[in-house]
Amino acid sequence: MADRHYRWVVVLYSLVIQAVSIGILIYCFALFVLPWLDDFSASRRDVMITISLFQVGMGVLSPLIGRLFDIYPIRFIVVAGAGLLSTGLWLTHLATALWQVWLIYATIMPLSCALMGTLASQTLVAKWFHDKRGLALGLSAMGTSIGGVVFPLVVAGWLVDIGWRETFTHLALTCLLLVIPLTLIVLRRQPPARPAPQSSGQDMGDYRIWTSREILTTSLFWLPFLSLVPLNMAFGALQFNLAVFARDSGLDDATAAQLISISSFCMIVGKLFFGSLGDRLDHRYLYWIAAGCMALSILLFLTAASYAGLLIAVVCMGLAGGGVLPLMGLIFGARFGAASFGRVMGFVMLNVLFGATAPVLAGWIYDVSGSYVPALWGLLLLIAPALIAMVRLPKPQLQQPVST
């Protein structure tokens, strides 16, 4: 198969590994909150510390792992990540106290996700695609949402039938048998070598090797990075507390699982929308659309008093959350190129360090005040300055190739 066709196989593969890693670790987490609250006699804040530790670990490890993707074959890195994820899932089912779950989610889980999750997938796509990169990134990012549709429904059934501990063993086996064989088959072929540029143009930026210092001292990085922080914080606070939002509204656990799947389906739509337009439309406009949807979602969560209101809020949250991932790849890929994409996106993933605080703060505010209202208003106020700041987003710049 010619490379121009095989690259779409790579996109499909990246969709699968994201569905497994993100679907299990991120989207199913809200379903495990409820049994952990009961089994470990924990507060909402303490349970939310689990996902925050995971996000902090991701943020710390991603810059280091990102450099590996630019140096070593991604094939072996992903296999290592799948093995670690299966190990972490199996160990979690043995946990007898919440601190043990914290330990696993602070070490093994973030390392495994950094090795085989979004960072690996976006780097693969960036290295395989010169043209149609925005569409490819959007399609690839759909994997996280497909995982968010499939795995919560499956896990919800397993939780009822076999309990949360055996559910983790089933998930470990699923990861082991699906990801490793598929990786060894698909990634036998390396991305095609890029022909030397014949003239100055947009593709010249793909050949520049950015140093860490250059990345961290330019507004090309910091302005979009800081503008994405409020969106990640809002999505984390809403998504990871969605099950308890539903319970507080008088809905049962099955309905909560349905809402999680609905949000994931809407994220698929959001990824397709933002990804397909990313190669043709000003990235600032796309950001404003995503931020507007997220702000509307927060307002609806503040006022929703019924299933219908909560459903509309979840739809808006899913559309906005779906736009964040392709926007990250589009904005930074267009400004830093493919040669240093892994390193740049590793630093971009530091964004989750800020997002990690949101679920814990929201849970803590609820424990103290008995309401999520103060947390939601705080998130809404953070989005407003980011909307204004994105006016100054620099356009993609032509860069001459340099050596390391």
Can you tell me if Gln100 and Thr96 form a side-chain donor-acceptor pair at under 3.5 Å? yes
Does any N or O in the side chain of Thr218 come within less than 3.5 Å of the main-chain N or O of Glu214, such that one atom is a donor and the other an acceptor? no
Taking every heavy atom of Leu61 against every heavy atom of Pro110, the minimum-distance pair comes out as CD1-C, 4.0 Å
Is a side-chain N or O of Trp164 found less than 3.5 angstrom from the main chain of Leu31, in a donor-acceptor match? no
To the nearest 0.5 angstrom, please state how far the CD1 atom of Ile108 sits from the CG atom of Leu103. 7.5 Å
Take the angle between the ring planes of Phe225 and Phe221 and call it parallel below 30°, perpendicular above 60°, tilted in between. parallel
Enter the distance from Met294:CE to Leu379:CG here, rounded to the nearest 0.5 Å. 9.5 Å
Pairing donors with acceptors under 3.5 angstrom, does anything connect the side chains of Thr169 and Glu166? yes
Stepwise, does the side-chain contact (heavy atoms from CB on, under 4.5 Å) test hold for Leu89 with Leu85? CA-CA 6 Å; Leu89 292 168; Leu85 178 56; 4.0 Å; yes
Quick one: are Leu25 and Ser112 in side-chain contact, heavy atoms under 4.5 Å? yes
Look at the side chain of Arg75 and the backbone N and O of Ile185, then say whether any donor-acceptor pair between them is shorter than 3.5 Å. no
Ring pair (Phe, Tyr, Trp, His ring centres under 6.0 Å) assessment of His93 paired with Trp90: CA-CA 6 Å; His93 105 281; Trp90 183 80; 5.8 Å; yes
Is the shortest side-chain heavy-atom distance between Tyr372 and Leu302 below 4.5 Å? no
Could you check whether any side-chain heavy atom of Phe235 comes within less than 4.5 Å of a side-chain heavy atom of Met267, counting everything from C-beta outward? yes
Taking every heavy atom of Leu327 against every heavy atom of Ala290, the minimum-distance pair comes out as CD1-CB, 4.1 Å
Closest heavy-atom pair and its distance - Ala375, Ala362: CB-CA, 4.0 Å
Gap between atom CG of Leu91 and atom OG of Ser86 - 0.5 Å precision: 11.0 Å
For Cys28 and Pro152, the nearest pair of non-hydrogen atoms, with its separation, is SG-N, 3.8 Å
What closest approach, in Å, do Tyr27 and Thr144 show between heavy atoms, and which atom pair accounts for it? CE1-O, 3.1 Å
Backbone N or O of Gly88 within a donor-acceptor pair of the Thr92 side chain at under 3.5 Å? yes
Is there a side-chain contact between Val324 and Met328, using heavy atoms and a 4.5 Å cut-off? yes
Any non-hydrogen side-chain atom of Leu272 less than 4.5 Å from a side-chain atom of Val269? no
Phe32 side chain reached by Val47 side chain, heavy atoms, under 4.5 Å: no
When you look at Phe168 and Leu94, which way does the side-chain contact (heavy atoms from CB on, under 4.5 Å) test go after all the steps? CA-CA 9 Å; Phe168 270 89; Leu94 300 174; over 6 Å; no
Around Trp8, counting heavy atoms of other residues, nucleotides and ligands shown, do more than 12 lie under 6.0 Å from its CH2? yes
Atom pair CG/CG of Leu173 and Leu178 - distance to nearest 0.5 Å: 10.5 Å
Side-chain contact, heavy-atom cut-off 4.5 Å: Leu115 with Val78? no
Would Thr118 and Gln18 count as having a side-chain donor-acceptor pair, cut-off 3.5 Å? yes
Rounded to the nearest 0.5 angstrom, the SG-CD1 distance for Cys113 and Ile26 is 6.0 Å
Quick check against the 3.5 Å criterion: does Arg284 have a side-chain atom that pairs as donor or acceptor with the backbone of Val391? yes
Assess the residue pair Leu259 and Tyr307 against the criterion (side-chain contact (heavy atoms from CB on, under 4.5 Å)); give the C-alpha distance rounded to whole Å, side-chain angles, the decisive distance to 0.1 Å, and a yes or no. CA-CA 10 Å; Leu259 287 173; Tyr307 174 79; 3.9 Å; yes
Check the angle between the aromatic planes of Trp128 and Tyr6 and answer parallel, tilted or perpendicular using the 30° and 60° thresholds. tilted
Residue of the set Ile17, Val11, Val16, Leu15 for which side-chain contact (heavy atoms from CB on, under 4.5 Å) holds with Tyr13: Ile17
Got a second to check how far Ile24's CD1 is from Phe29's CZ, nearest 0.5 Å? 14.5 Å
Can you say whether the rings of Phe40 and Trp36 are parallel (under 30°), tilted (30 to 60°) or perpendicular (over 60°)? tilted
Could you tell me if the side chain of Val314 sits less than 4.5 Å from the side chain of Phe301, heavy atoms only? yes
So which heavy atom on Ile331 is nearest to which on Arg335, and how close? O-NH1, 3.0 Å
Val344 backbone acceptor or donor facing Trp210 side chain under 3.5 Å: no
Set out, in order, the CA-CA distance, both residues' side-chain angles and the distance that settles side-chain contact (heavy atoms from CB on, under 4.5 Å) for Leu238 and Ile298, then state yes or no. CA-CA 8 Å; Leu238 298 177; Ile298 294 173; 4.2 Å; yes
Under 3.5 Å, side chain of Ser297 to main-chain N/O of Ala313, donor-acceptor pair present? yes
